[in-house]
Amino acid sequence: MRIASFNINGIKARLPRLIEWLEETRPTVACLQEIKTQDEGFPADAFEKIGYHAIWHGQKSFNGVAILADGVTPVETQRGLPGDDEDDHARYLEAEVKGVRVGCIYLPNGNPHPGPKFEYKLRWMERLRAHAETLWRDEVPTALVGDYNVIPEDKDVWSPRAMAADALMQPESRDAYARMLGDGWTDAIDTLNPRGGVWTFWDYQAGAWQRDHGFRIDHLLLSPELADRMEAAGVDKEYRGREKSSDHTPVWVDIRD
DNA sequence: ATGCCGCATCGAATGCGA
């Protein structure tokens with residue numbers, strides 16, 4: 001099975017591109033971030049037409065996540081990240097699909113740093129780690145995938161210097177991500193590309209795509225049950241170059257049955 | 001130091017992203 005993640009930056013603006021990607025690459029599960037729509041506006045019919053069933057967690061204007069599955073309906077296991085009743089951002093959705101549990105993550109950006117948004121990011125990462133530990137204990141094959149908004153190491157960015165002040169690569173952000181890896185989660189793309197140089201995001205501005213000024217912030221974290229079954233992982237880079245593209249590319253991992 | 005581009009929103013200027 002293929003588990004994919006795609007920060008689409010607006011599901012309405014991106015719908016033709018999204019349908020195209022689903023039909024061309026046919027992931028078993030697709031986790032979407034930044035759908036930027038309320039629940040009522042989610043275009044479920046368009047996905048049903050091509051054989052995908054979906055669950056979604058929307059919000060007005062920004063954020064919002066969804067999980068699509070090929071031929072089956074995802075069985076929802078969690079809506080919203082536990083640990084803070086005051087947090088109403090739609091950034092986490094979790095479901096079981098064909099024996100695999102998948103968490104769809106849209107981690108806070110955290111800019112500007114320092115400031116309250118950065119503090120929110122760090123608190124969110126602590127909550128994510130705590131929730132991940134409860135999942136871990138179930139010993140269910142689990143993937144936590146999505147836009148982590150963390151550049152894990154200097155090898156994951158075109159210019160560490162240019163990005164040095166950004167919340168995405170502050171030591172606190174990196175440490176929080178590293179702690180999850182330390183808990184035993186496997187970063188699929190990094191494991192298969194240990195020398196780095198793989199990007200999943202290119203800014204719309206300043207010709208970043210044309211200059212290949214990108215970085216890696218979309219991650220696929222696998223529990224040991226899944227990491228043992230990993231066959232391949234990659235980035236669908238060409239989609240970044242198409243008309244009306246997202247600023248992110250899809251990422252995916254293939255798991256043996 | 002800031003904007004660059006793009007999406008969203010009761011309609012234009014602003015919030016947000018990374």
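- Atom pair A:Asp247:CG and B:dC16:C1' shows a separation of 12 Å (rounding to whole Å applied).
- For an aromatic pair to be called close, the ring centres must be under 6.0 Å apart, and A:Phe47 with A:Phe42 satisfies this.
- Residues A:Leu122 make up the rest of the hydrophobic cluster containing A:Phe118, defined by ILVMFWY side-chain heavy atoms closer than 4.5 Å, directly or through other members.
- At least one donor-acceptor pair closer than 3.5 Å links the side chain of A:Thr200 to the backbone N or O of A:Asp218.
- Environment of CD in A:Glu139: sparse, with no more than 12 heavy atoms of neighbouring residues, nucleotides or ligands closer than 6.0 Å.
- In terms of phosphate contacts, A:Asn7 brings no side-chain nitrogen or oxygen within less than 4.0 Å of OP1 or OP2 of B:dG17.
- Taking the C1' atoms as reference points, B:dG11 lies 16 Å from B:dC7, given to the whole Å.
- Counting to the nearest Å, the C1' atom of B:dA18 and the CZ atom of A:Arg216 are 16 Å from each other.
- Checked against the 6.0 Å centroid criterion, the rings of A:Tyr148 and A:Tyr177 qualify as a close aromatic pair.
- Across B:dA1 and B:dA13, the matching C1' atoms stand 23 Å from one another, rounded to whole Å.
- Applying the salt bridge (Lys or Arg N to Asp or Glu O under 4.0 Å) definition to pairs two or more places apart or across chains, those involving residues 175-184 of chain A are A:Arg129-A:Asp183.
- Residues forming a side-chain hydrogen bond (donor to acceptor under 3.5 Å, both in side chains) with A:Thr186 (at least two apart in sequence, or on another chain): none.
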Report each atom pair, protein N/O against N/O of nucleotides 6-13 of chain B, whose distance is under 3.5 angstrom.
{"unit_1": "B:dC7", "atom_1": "OP1", "unit_2": "A:Lys244", "atom_2": "NZ", "d": "3.1"}
{"unit_1": "B:dC10", "atom_1": "OP1", "unit_2": "A:Lys60", "atom_2": "NZ", "d": "3.4"}

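- In summary, the side chains of A:Asn109 and A:Tyr120 do not present any donor paired with an acceptor at a separation below 3.5 Å, with no hydrogens or angles considered.
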Identify every side-chain donor-acceptor pair in residues 188-195 of chain A under 3.5 Å, counting partners at least two apart or on other chains, and give the distances.
{"unit_1": "A:Asp190", "atom_1": "OD1", "unit_2": "A:Lys155", "atom_2": "NZ", "d": "3.0"}
{"unit_1": "A:Thr191", "atom_1": "OG1", "unit_2": "A:Asp187", "atom_2": "O", "d": "2.7"}
{"unit_1": "A:Asn193", "atom_1": "ND2", "unit_2": "A:Ile189", "atom_2": "O", "d": "2.9"}

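- When hydrophobic side chains of Ile, Leu, Val, Met, Phe, Trp and Tyr are connected at separations under 4.5 Å, A:Trp209 ends up clustered with A:Ile151, A:Val157, A:Trp158, A:Met163, A:Leu168, A:Met169, A:Trp199, A:Phe201, A:Trp202, A:Phe215, A:Ile217.
- Counting any heavy atom pair closer than 4.0 Å across all strands shown, A:Asp147 reaches sugar-phosphate atoms only and no base atom.
- The stretch residues 150-166 of chain A does not touch DNA chain B, since none of its heavy atoms comes less than 4.0 Å from the strand.
- No more than 12 heavy atoms of other residues, nucleotides or ligands shown are found within 6.0 angstrom of CZ on A:Arg161.
- For the C1' atom pair drawn from B:dA12 and B:dA8, the interatomic distance equals 13 Å after rounding to whole Å.
- Scanning for side-chain contact (heavy atoms from CB on, under 4.5 Å) contacts around A:Asp236 gives A:Trp21, A:Thr25, A:Tyr239, A:Pro250, A:Trp252, with sequence neighbours left out.
- By the side-chain hydrogen bond (donor to acceptor under 3.5 Å, both in side chains) test, A:Trp185 is found to be paired with no residue, residues two or more places apart in sequence or in another chain being considered.
- Nucleotides B:dC10 and B:dG15 are separated by 16 Å at their C1' atoms, to the nearest Å.
- If you take NE2 of A:His89 and C1' of B:dC16, they are 11 Å apart, rounded to a whole angstrom.
- Between A:Glu243 atom CD and B:dC5 atom P there is a gap of 16 Å when expressed in whole angstrom units.
- Under the side-chain contact (heavy atoms from CB on, under 4.5 Å) criterion, A:Arg79 pairs with A:Asp39, A:His57, A:Glu76, A:Leu93, not counting sequence neighbours.
- Here B:dC16 presents its C1' atom at 12 Å from CZ of A:Phe201, a figure rounded to the nearest Å.
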For DNA chain B, what is the dot-bracket line, given that a base pair needs Watson-Crick (N1 to N3, plus N6-O4 or O6-N4) or G-U wobble (N1-O2 and O6-N3) geometry with both distances under 3.5 Å, and | means paired with another strand?
-> ....(((((...))))).
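- Within residues 102-125 of chain A, the residues approaching DNA chain B are A:Tyr106, A:Asn109, A:Asn111, A:Lys117, by heavy-atom distance under 4.0 Å.
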